[in-house]
There are 2 protein chains.
Amino acid sequence: MSAVPSRFSTTKAATEREVRGAGGAANPGNQGASAGQAVGLSHAGGPSFSPLYRQIKDLITASLQGGEWKAGEAIPSELDLAARFGVSQGTVRKAVDEMAAENLLVRRQGKGTFVATHAEQKVQYRFLRLMPDEGSQSLERQLLDCKRLRAPAAIAKQLQLRAGDQMVEVRRLLKAQGRPVVLDDIWLPGNLFKGLTTERLNQYRGPFYGLFEAEFGVHMIRAQEKIRALAADAEAAALLQVPLGAPLLSVERLSFTYGDKPVELRRGLYHTESHFYRNELN
Amino acid sequence: MSAVPSRFSTTKAATEREVRGAGGAANPGNQGASAGQAVGLSHAGGPSFSPLYRQIKDLITASLQGGEWKAGEAIPSELDLAARFGVSQGTVRKAVDEMAAENLLVRRQGKGTFVATHAEQKVQYRFLRLMPDEGSQSLERQLLDCKRLRAPAAIAKQLQLRAGDQMVEVRRLLKAQGRPVVLDDIWLPGNLFKGLTTERLNQYRGPFYGLFEAEFGVHMIRAQEKIRALAADAEAAALLQVPLGAPLLSVERLSFTYGDKPVELRRGLYHTESHFYRNELN
DNA sequence: AAGTGGTCTAGACCACTCT
DNA sequence: GAGTGGTCTAGACCACTTG
């Protein structure tokens, strides 16, 4: 490859070598220009160029994905990570900064850096954009159904499964002051959620995504939503206690875990008479 | 105040003094610990503590607001800004990084840093989240009305005006393949948009926000949207060519310029039969 | 007091753009 | 080649949390 020894490839991250453990000298005579840069490639043949901090980011992400640190736990300090990966604290910092901006990690001054979690947060429902016109959010959950079935083609496709694969379907209501506001249908890959039952869902306090983290090791890290207006059919009208044909917000959400892998499809019907969907544009 | 001379206050930014112009020595004997930090206050009596880079950010924002650099133009290089403000390049970099993350500035390697603009972009409508189910976006505009009126209380309040103040109201359609998809009502403060006429709006190619920047010096930098589902009334049904009572997406947008000042209220009705509102959650 | 993240600086070199 | 932003390092000190 190259005459210059390198710790990290210029294209993709070296997955295993956490080079130069404790005891080694701190890369003398090579400061300023980083080892990764010194290779000086970035010509034809690859994704061209990956800076060191991005490779570090990939390594940290891999550890998250591999379950080395669990949701809510602290990851090693910046200095520890710098020693472990054989880079400067500043480079680790830049990697962690980006991951904090993406809500994968949470920094707390004086305490450490923690794996982001959907549970035990101030904001209970991180992905829920529903807001009441007046007052503050306070939602009760009512589980309607939880069953296993074979994936219909349309749903399987979005979850990158084969039609007919095992899958879990959950239906539930969210209520505000006793009135139903959201009707959710949720589809999950069966292989990732073995042992998910009505009881487990009912026992758990807090959002489903907290349960998924704690019990199944599945972290939802981002999601895409497609929003439409549609008229309530008979079933939705009955459950949401609105007239047949009443306008409802349809919110179709595809959620992803590490590696951009889709692991949940959700279709919510929102009654937006005294609530609205809030969005911020930048 | 303090025995130690400081270039920037610990609480709020010093607005005028762009300290130590050219020629001055580069802050010898005070590296490592910054001047701002050396003051060492941050106790009772204020917003507690504002790091240097944030004060720099405020100064750059003030220059943007004051029109020193216009939309699409380059701002001075990082080294120039560092010299101008009497700080290191790294501190300017951190300030600019944040402003780039907020879409106030756009960095282009090798070329410079530019003031973000709604005009002449790849993405024509930066704030529009409407997506076609199939194919790619291609929208025609049709201006329906543009008139001056006295602000109704409800609208005035959101724009922080007094009821009865002069205001401009615009109504327009967006069409895809000849079919109406969006009906927008737009309200603007009259004092900021003197001389805005039907002709000006029709002449201008590109999004309204581009026109607002170029002709009136008003930059929309962020917005909040409230989304609901509602049934089409007679007027909306006629204009959007849908049946009376058809479900529509109502998108109420409040847009802000520098200093979190609201400068536009917009109410859009979206026909979401072959389009949807796209959102990303993190 | 020790450990963590947060800020600031200075200097080196790399990648990209334009002349 | 000169100028711009992009990456990486090293070191100092500040702010915050915990023992």
Side-chain angles (χ1 to χ4, degrees), chain A residues 4 6-8 10 25-43 48-57 74-83 85-100 105-114, chain B residues 4 6-8 10 25-43 48-57 74-83 85-100 105-114:
Chain A
V4 184
S6 76
R7 292 166 293 167
F8 299 92
T10 316
N27 201 17
N30 195 14
Q31 53 154 301
S34 76
Q37 305 289 24
V39 179
L41 299 175
S42 90
H43 51 276
S48 73
F49 174 66
S50 180
L52 246 190
Y53 75 86
R54 198 166 294 280
Q55 299 176 38
I56 301 300
K57 203 176 149 184
I75 71 171
S77 74
E78 293 178 349
L79 282 172
D80 286 350
L81 289 171
F85 296 130
V87 300
S88 77
Q89 185 185 8
T91 299
V92 169
R93 173 173 292 279
K94 180 141 188 177
V96 171
D97 277 345
E98 282 204 3
M99 296 182 71
L105 298 174
V106 177
R107 318 192 76 143
R108 284 183 215 146
Q109 193 177 26
K111 298 180 74 173
T113 302
F114 299 79
Chain B
V4 184
S6 76
R7 293 164 293 166
F8 298 93
T10 315
N27 202 15
N30 195 13
Q31 54 153 300
S34 76
Q37 305 290 22
V39 179
L41 299 175
S42 90
H43 50 277
S48 74
F49 174 67
S50 181
L52 246 190
Y53 75 85
R54 199 166 295 279
Q55 299 176 39
I56 300 301
K57 205 176 147 183
I75 71 171
S77 74
E78 292 178 349
L79 282 172
D80 286 350
L81 289 172
F85 297 131
V87 300
S88 78
Q89 185 186 9
T91 299
V92 169
R93 172 173 293 279
K94 180 141 188 176
V96 171
D97 277 345
E98 282 203 2
M99 296 181 71
L105 298 174
V106 176
R107 318 192 75 142
R108 285 184 216 146
Q109 191 177 23
K111 299 180 73 173
T113 302
F114 298 80

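So that the names make sense, note that chain A is the first sequence line, chain B the second, and so on, each numbered from 1.
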d([atom1], [X]; [atom2], [N]) in whole Å:
X: B/K57; N: C/dT7; atom1: NZ; atom2: C1'; value: 15 Å
X: A/D97; N: C/dC8; atom1: CG; atom2: C1'; value: 14 Å
X: A/E98; N: D/dG6; atom1: CD; atom2: P; value: 12 Å
X: B/L105; N: D/dG6; atom1: CG; atom2: P; value: 12 Å
X: A/L52; N: C/dA12; atom1: CG; atom2: P; value: 20 Å

Q) At their closest point, which heavy atom of A/A95 faces which heavy atom of A/K57, and how far apart are they? A)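 Minimum heavy-atom separation between A/A95 and A/K57: CB-N, 3.9 Å.
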
Q | For A/I56 against A/F85, the heavy-atom pair lying closest together | A | CD1-CB, 3.7 Å

Q | With sequence neighbours excluded, residues passing side-chain contact (heavy atoms from CB on, under 4.5 Å) with A/Q109 | A |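 Here no residue qualifies.
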
Q: State the CD1-CG distance between A/I75 and A/L81, to the nearest 0.5 angstrom.
A: 5.0 Å

Q.
Please report the interatomic distance CD(B/Q89) to CG(B/D80), rounded to the nearest 0.5 Å.
A. 10.5 Å

Measure all distances between protein nitrogen or oxygen atoms and nitrogen or oxygen atoms of nucleotides 3-5 of chain C, and list the pairs falling under 3.5 Å.
{"from": "C/dG3", "atom 1": "N2", "to": "A/G110", "atom 2": "O", "distance (Å)": "3.0"}
{"from": "C/dT4", "atom 1": "O2", "to": "A/G110", "atom 2": "N", "distance (Å)": "3.3"}
{"from": "C/dG5", "atom 1": "OP1", "to": "A/T113", "atom 2": "OG1", "distance (Å)": "3.3"}
{"from": "C/dG5", "atom 1": "OP2", "to": "A/E78", "atom 2": "N", "distance (Å)": "3.0"}
{"from": "C/dG5", "atom 1": "N2", "to": "A/Q109", "atom 2": "NE2", "distance (Å)": "3.2"}

Q | Nearest listed nucleotide, side chain of B/K94, among D/dC8, C/dC8, C/dT7 | A | C/dT7

Q) side-chain hydrogen bond (donor to acceptor under 3.5 Å, both in side chains) with A/T113: which residues, sequence neighbours excluded? A) none

